[in-house]
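Counting starts at 1 for both ligands and their atoms, in listed order.
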Amino acid sequence: MSFEALGLHATIVKAVTEAGYTVPTPVQAQAVPAAIGGRDLLVSSQTGSGKTAAFMLPALHKLVSAEPAPAPARTPAQEAQSARARGERVRFTAAKPKMLVLTPTRELALQVTTATEKYGSYMRRIRAVSILGGMPYPKQMQLLSKNPEILVATPGRLIDHMESGKIDFSELQILVLDEADRMLDMGFIDDIEKIVAATPADRQTMLFSATLDGVVGSMARRITKDPMVIQIASSSNRHENIAQRVHFVDDLSHKNRLLDHLLRDESMDQAVVFTATKRDADTIADRLNIAGFAAAALHGDMHQGARNRTLDSLRRGQVRVLVATDVAARGIDVPNITHVVNYDLPKFPEDYVHRIGRTGRAGRNGLAISLVNHAENMNIKRIERFTKQLIPATVVEGFEPKRSAPAARTSTRPGGWKPGDGRNAAKPGQRSFSKPGAPREGGYNRDAAPRGPSSGAPRREGSGGGYRGSNPHPRSFDGARRTFGDN
Ligand code: ADP
Ligand code: MG
């Protein structure tokens with residue numbers, strides 16, 4: 001896949017090639033053709049995945065393709081000058097940008113402007129300017145008087161100019177909201193609504209956000225038309241505010257006792273417990289209720305009304321422990337969820353990432369605990385290989401497993417599978433609890449993909465099938481980022 005193949009104008013391909021981009025990133029490969037085709041986009045993908053080019057390349061392409069015959073565009077400043085020469089009274093002519101990019105911060109706006117200059121370096125007559133708080137007013141007026149095609153702005157300052165008639169959005173074709181979730185976190189929602197309302201209804205809208213859940217999602221759907229939703233599962237989403245642990249258990253009764261203990265933790269506010277099956281979700285929720293927890297089940301067999309009631313009770317804090325299946329719990333955005341417990345491991349590593357993302361919402365800290373037996377060590381390794389993070393095995397006093405954690409757990413290489421790991425599983429006498437933050441040796445070992453249950457360990461229900469995919473982010477891109485990283 002090349003940039004030409006995405007349908008981009010030759011001048012743009014030349015500029016990105018010069019910037020050292022050889023292949024489009026996954027988000028670019030999906031977003032660029034759709035955006036050239038005029039689709040609205042809702043995109044969530046991790047930081048550093050190349051979102052700026054994902055919206056700016058197709059936008060530049062469209063602006064340059066739509067360019068009419070080169071009747072030299074006269075800037076408002078020139079107009080004003082000749083009007084003055086004709087002895088007319090000069091009113092300020094409002095700038096009429098064709099594209100607007102809203103960003104939460106000045107720094108980000110400047111980054112977007114710089115990237116735009118880079119991507120458009122072989123295009124004539126396309127100007128991008130940033131309108132930012134903190135910039136001297138005369139400077140902003142001077143920038144606007146050049147009638148730039150592309151405006152990159154933070155919402156607050158833009159509103160000021162709009163309200164004083166310095167900007168006219170009647171010719172706007174493309175609206176981009178970059179890091180929309182952060183703009184909402186920063187309280188820009190009213191400003192954004194006002195700006196969006198001032199733009200033509202037939203504009204193309206592209207919204208980028210770390211999450212498309214909750215408030216962002218509902219705004220996103222309000223301001224876009226039949227959007228294409230692009231969500232790139234982030235294998236290396238670090239989830240830095242979420243501590244992850246594995247607790248080894250000997251059997252089901254050990255697992256249940258440990259679960260009850262974890263849910264009594266003082267630091268726990270609300271928790272989501274994940275099970276592999278709907279039946280288990282019901283059974284465990286019942287058992288927890290009898291044990292005195294305010295628990296409720298959530299799964300796909302429940303009627304929508306019942307699901308909504310459960311989610312409302314969770315949001316209101318009446319339910320403290322939600323016992324859920326993967327599909328039912330997708331997208332739950334409740335800030336007080338401090339704990340996620342994997343009672344069963346998910347089938348696919350992507351689901352693990354979605355699960356633990358139910359905690360650590362709104363910038364808070366979270367704890368994600370997986371309760372596993374020794375036979376499941378391989379599944380943990382698959383998850384580690386996917387997230388490129390080690391999940392330390394720890395023990396809770398009074399709940400020590402009879403067998404110590406597999407020796408391989410002490411390996412500080414996430415996913416560093418070596419032949420024989422499975423067989424080493426419980427080497428006697430080996431202390432094996434790695435501490436969180438233990439030093440790492442080596443890196444991500446991509447040749448280590450295990451093929452099926454070769455260790456001879458029995459396969460457990462609910463984890464069969466295994467994980468088919470591999471790292472969705474080719475290494476070549478990671479490498480390129482390191483070379484050209486400028487953010
Ligand atoms: P995001 O907005 O998703 O966080 P950016 O658009 O800021 O990501 O891009 C991150 C970095 O990756 C930048 O340094 C950018 O120049 C670089 N980059 C973007 N696309 C590519 C590509 N196709 N190949 C190599 N580097 C790229
Ligand atoms: Mg970005």
Side-chain angles (χ1 to χ4, degrees), residues 1-9 12-36 41-61 99-122 128 130 132 150 152-155 174-186 188 205-212 216 220 229-240 471-487:
M1 176 65 87
S2 66
F3 280 100
E4 282 101 326
L6 297 182
L8 289 166
H9 207 274
I12 300 174
V13 175
K14 187 171 171 193
V16 292
T17 308
E18 237 166 62
Y21 301 4
T22 48
V23 288
T25 65
V27 69
Q28 291 162 4
Q30 288 194 48
V32 171
I36 288 178
L41 302 181
L42 298 185
V43 184
S44 92
S45 75
Q46 70 197 86
T47 308
S49 57
K51 292 188 286 291
T52 315
F55 64 76
M56 203 41 96
L57 301 184
L60 288 172
H61 175 93
M99 175 183 192
L100 170 65
V101 182
L102 289 177
T103 71
T105 64
R106 302 159 38 101
E107 292 68 32
L108 196 62
L110 290 171
Q111 269 178 39
V112 171
T113 313
T114 309
T116 307
E117 280 158 8
K118 185 162 73 180
Y119 303 148
S121 55
Y122 291 100
S130 340
L132 311 164
I150 302 173
V152 185
T154 49
I174 305 170
L175 172 66
V176 175
L177 280 77
D178 197 10
E179 306 208 355
D181 51 332
R182 278 180 69 196
M183 289 199 277
L184 296 195
D185 284 347
M186 292 166 75
F188 282 134
T205 309
M206 302 186 242
L207 180 143
F208 294 77
S209 174
T211 165
L212 297 173
V216 191
V229 180
I230 300 175
Q231 278 177 296
I232 309 275
S234 49
S235 74
S236 51
N237 184 339
R238 312 285 304 176
H239 280 301
E240 257 143 18
N471 176 14
H473 302 289
R475 285 178 83 73
S476 56
F477 170 57
D478 286 354
R481 259 192 68 208
R482 244 172 266 122
T483 317
F484 297 98
D486 56 12
N487 56 345

Within the structure, does [X] bring an N/O atom to less than 3.5 angstrom of an N/O atom in ligand 1?
X	value
Y119	no
A53	no
T52	yes

> Which is it for Q28 and ligand 1 at heavy atoms under 4.0 Å: side chain, backbone, both or neither?
Replying inline: side chain
> Hey, is D178 touching ligand 1 through its side chain, its backbone, both or neither, going by heavy atoms under 4.0 Å?
Replying inline: neither
> So is K51 actually on top of F208's ring, under 6.0 Å and inside 45° of the axis?
Replying inline: no
I'd like to know if the side chain of [X] and the backbone of [Y] have a donor-acceptor N/O pair within less than 3.5 Å.
X	Y	answer
Q231	S45	no
T25	S49	yes
H61	H9	yes
S209	L212	no

For ligand 1, which atoms sit closer than 4.0 Å to a heavy atom of [X]?
X	result
S49	1 (P), 3 (O), 8 (O)
V23	22 (C), 23 (N), 24 (N)
T25	20 (N), 21 (C), 22 (C), 23 (N)

>> So, using side-chain contact (heavy atoms from CB on, under 4.5 Å) as the criterion, who are the partners of P104 when residues are at least two apart?
In response: L108, E179, R182, M183, M186
> So, does F3 sit close enough to ligand 1 that a heavy atom of it is under 4.0 Å from the ligand?
Replying inline: yes
> Parallel, tilted or perpendicular: which describes the rings of Y21 and Y119, with under 30° parallel and over 60° perpendicular?
Replying inline: perpendicular
> Counting heavy atoms only, which of Y21, F55, F208 comes nearest to atom 17 (C) of ligand 1?
Replying inline: Y21
